[in-house]
Amino acid sequence: MREVGSKPFSMGRIGIYSALVFFSLCALFPLYWMFVIGSNHTSAVSQFPPAIMPGTEFFVNAGKVFTNINFLQALFNTFIVASLITISVLFFCSLAGFAFAKLKFRGKNGLFIFVLATMMVPAQLGLIPSYMIVSQLGWINTLTALIVPAMVNAFGVFWMRQYISTAVPNELIDAGRMDGCSNFRLYWTVVLPILRPALATLGLITYMNVWNDFLWPLVVLKDRSVHTIQVALKTLNGTYAQDYSMVLNGTFLATLPLLVIFLLFSKQVIAGITEGAIKS
Amino acid sequence: MKESSVKKPKKLLTQSKKDHISAYLYISPFFLLFAVFGVFPILFTAYISFHKWDILGTKEFVGLTNYQWLLTDPLFWKALGNTMSIWVMSTIPQLTLALVLAFVLNQALLKGRHFFRLAVFLPNITSVVAVAIVFDAIFGQHYGIINYLLSLVGVEPINWKASVLGTHVAISTMVIWRWVGYNSIIYLAALQSIPKDLYEAATIDGANKIQQFLFVTIPMIRPMIIFTVILSTIGGMQIFAEPQTFSGMGGGAVNQGLTLTLYLYEEAFLRNSFGYASAIAWLLFLIIVLFSLLNLFVTRKIKSAD
């Protein structure tokens, strides 16, 4: 099995593995520690040396989280927002990507460069007017305020365009046209099925970003019933900061769903990020 | 309507016309949304920044007064200083570590590489609020892990939240923890696209591992380094959730955690000074553009020095 010439126990190998184990421990420890503290009694937290083994109070603390904030409601809100935005982003970005990659129209290059340029503008620059618009529309304290502005984004358009131009052969488009497909039908029946891997990755990245978004939801969602999980966590921490066990139990519970999704699709996410990076 | 026009033997629209209509239709959602939540807010922010405006009360044109105040506002300079300090303390270790990590992950014959990639990437999916809360506990004065580890080597417990340096270290650590894995995955992709024969040629020329790294690897992945530097700059200038959670209102007792975005947020949404906050937003934007250009310039220079 071993390749000729490789020395499995050389100093270099040992160094590399120790480095990797060290990095991995550093990466995983805070997540593990959330669980440790979240499963211990509050008094066990205030000890020196700090607890490093999981305790037995996980469900007690979880119960306190559920009574202090509307955890399930917040989770549900986040789920709704993330799902709707993801579906919308996938549809509109792939549609725009299709236009930029495969349709000929005047001003195509200029418009595409404009799309790219918009990625440089920081979100905070428009924070106040966006808030005013949303409040004029009567969307404060509604999930619509989160969903509508995020329904399509420049990164998605850019990413889909890159993928479509390499993955969809022009011959296929021409063949579809010979069969009398309209442009939308071409997109829907020919292009979209080919995009599956790209859609999966963009979908996961979008989902994760929306799930973890904080500043904008904090600004537009004041009422507890519409809080997303991040805003709810912030409230939990702000109000009960002394009860670390409960607060960290909450952060752990809030991380869990995303963790599961990520572990299920991890290969795709990592492949997608590297792919996106290489293409840009 | 479109369907039927396609089927008709007599073509009412040429293919080129149809392509134009479809294309403009398909890209319009982005442009419409960007017009409403992108272009308009940017211009309107500029407009507001010339006014004294608390949204509920009256609006009064004050010209450049907001900017004048801002430039003599000690809190603004403090926020700028904090933002810069946290940015430097997080970006440099973060990208250096990511590069080392990518190099290590890229070693051939590595067993368990999928596990290691997964492990180092995991922090990135953790929400910044959760990160800020857990690091708040890790950097706790009395029962935090960091102070415990320090006590093992005889260092007195540090009140991280109280000092400027302590706060900046803690916040930078959060950023580093969350982003090292992400950047290293990007670098890893770049490393894997370097042709193997370049290394073979370098070996034949007698270059050792370190020389190979400096003269083959770094120049080859330079575009990716520029990309990550710009990304970290934009992210670093906008840092908000970490200081807001770790330091609280006003960035703490001596504003040690007050960053530009936190200052902007508090001016706008806690004190209702929309005009003043808009001026901060515009200066923040200019700073980001300036830094991105500066980065581009510096990273270009590094190459030509080789």
Side-chain angles (χ1 to χ4, degrees), chain A residues 3 6 16 19-20 23-24 27-28 30-31 33-34 37 45-46 48-50 92 95-96 98-99 103-105 111 115 118 121-122 124-130 149 151-152 157 180 182-183 208 212 214-215 219 230 233-234 237 244 247-248 251 254-255 258 262 266 270 273-274 277-278 280, chain B residues 2-3 6 18-20 22-24 26-27 29-30 33-34 37-38 40-42 44-45 48 101 104 107 109 116-123 125-130 133-134 137-138 143 145 148 181 185-186 189 193 227 234 238 240-241 245 261 264 268-269 274 277-278 281 284-285 288:
Chain A
E3 270 184 46
S6 78
I16 280 172
L20 279 177
F23 273 122
S24 305
L28 296 177
L31 293 171
W33 209 50
M34 271 187 211
I37 302 295
V45 178
S46 4
F48 212 67
F92 287 124
L95 202 56
F98 167 62
L103 298 179
K104 292 192 185 74
F105 58 98
L111 289 171
V115 172
T118 63
V121 182
Q124 290 93 334
L125 185 53
L127 192 65
I128 297 162
S130 296
M151 280 172 67
V152 51
V157 174
S182 68
N183 279 326
M208 293 193 315
N212 288 332
F214 177 58
L215 179 56
V219 169
Q230 305 309 330
L233 274 187
K234 173 71 193 167
N237 189 47
Y244 266 139
V247 172
L248 289 187
T251 60
T255 310
L258 209 54
F262 175 72
S266 58
I270 290 180
I273 286 180
T274 45
I278 281 184
S280 58
Chain B
K2 230 191 309 167
E3 296 277 316
V6 171
K18 276 189 272 181
D19 281 4
H20 272 82
S22 316
Y24 290 137
Y26 298 168
I27 63 173
F30 173 80
L33 217 58
F34 187 73
F37 291 101
F40 172 73
I42 292 169
F44 204 62
T45 304
I48 307 171
L101 190 55
V104 172
Q107 295 305 305
L109 304 171
F116 288 124
R117 263 185 230 181
L118 200 65
V120 298
F121 188 78
L122 223 45
I125 67 149
T126 315
S127 77
V128 11
V129 178
I133 294 173
V134 74
I138 288 175
Y143 316 111
I145 288 271
Y148 171 67
I185 297 292
I186 288 181
S193 65
F227 173 75
I234 297 174
Q238 302 183 40
F240 170 73
T245 306
T261 308
L264 156 66
F269 299 103
F274 280 77
S278 297
L284 178 65
F285 178 52
I288 290 177

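In what follows, chains are A, B, ... by sequence order, proteins preceding strands, each numbered from 1. The analysis underlying the following values was restricted to heavy atoms, covering all of them including side chains, and did not include hydrogens, waters or symmetry mates.
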If I take atom [atom1] from residue [X] and atom [atom2] from residue [Y], how far apart are they, to the nearest 0.5 angstrom?
X        : Y        : atom1 : atom2 : result
A:Leu125 : B:Thr45  : CG    : OG1   : 5.0 Å
B:Ile145 : A:Ile37  : CD1   : CD1   : 7.0 Å
A:Thr251 : B:Ile133 : OG1   : CD1   : 6.0 Å

Are the side chains of [X] and [Y] in touch, meaning some heavy atoms are under 4.5 Å apart?
X        : Y        : value
A:Phe23  : B:Val104 : no
B:Thr126 : A:Asn212 : no
B:Asp19  : A:Asn183 : yes
B:Ile27  : A:Val115 : no

As an exercise: rank [options] by heavy-atom pairs under 4.5 Å with chain A and give me the winner.
options                               : result
B:Ile234, B:Ile288, B:Leu33, B:Leu264 : B:Leu33
B:Ile125, B:Ile48, B:Val120           : B:Ile125
B:Ile185, B:Leu101, B:Val128          : B:Leu101
B:Ser278, B:Pro41, B:Ala277           : B:Pro41

Minimum heavy-atom separation for [X] to [Y], with atom names?
X        : Y        : value
B:Ser127 : A:Leu233 : OG-CD1, 4.5 Å
A:Lys234 : B:Val129 : N-CG1, 4.0 Å
B:Ala137 : A:Leu248 : CB-CD1, 4.1 Å

For [X], which atoms come within 4.5 Å of any heavy atom of chain A: side chain, backbone, both, or neither?
X        : result
B:Phe34  : side chain
B:Ile138 : both
B:Leu284 : side chain
B:Phe30  : both
B:Phe269 : side chain

Identify, with sequence neighbours excluded, every residue that meets ring pair (Phe, Tyr, Trp, His ring centres under 6.0 Å) alongside A:Phe105.
->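 By the ring pair (Phe, Tyr, Trp, His ring centres under 6.0 Å) rule, A:Phe105 matches A:Phe100, B:Tyr24.
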
Under the ring pair (Phe, Tyr, Trp, His ring centres under 6.0 Å) rule, collect the residues that match up with B:Phe121, sequence neighbours excluded.
->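 If we apply the ring pair (Phe, Tyr, Trp, His ring centres under 6.0 Å) test to B:Phe121, skipping adjacent residues, the hits are A:Phe262.
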
Highest number of heavy-atom pairs under 4.5 Å with chain B: which of [options]?
options                      : answer
A:Ala27, A:Gly126, A:Ser24   : A:Ala27
A:Ala19, A:Pro149, A:Ser130  : A:Pro149
A:Val247, A:Val219, A:Val157 : A:Val219

Per-residue contact mode, A:Thr255 against chain B (heavy atom under 4.5 angstrom) =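 Just its side chain gets close to chain B.
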
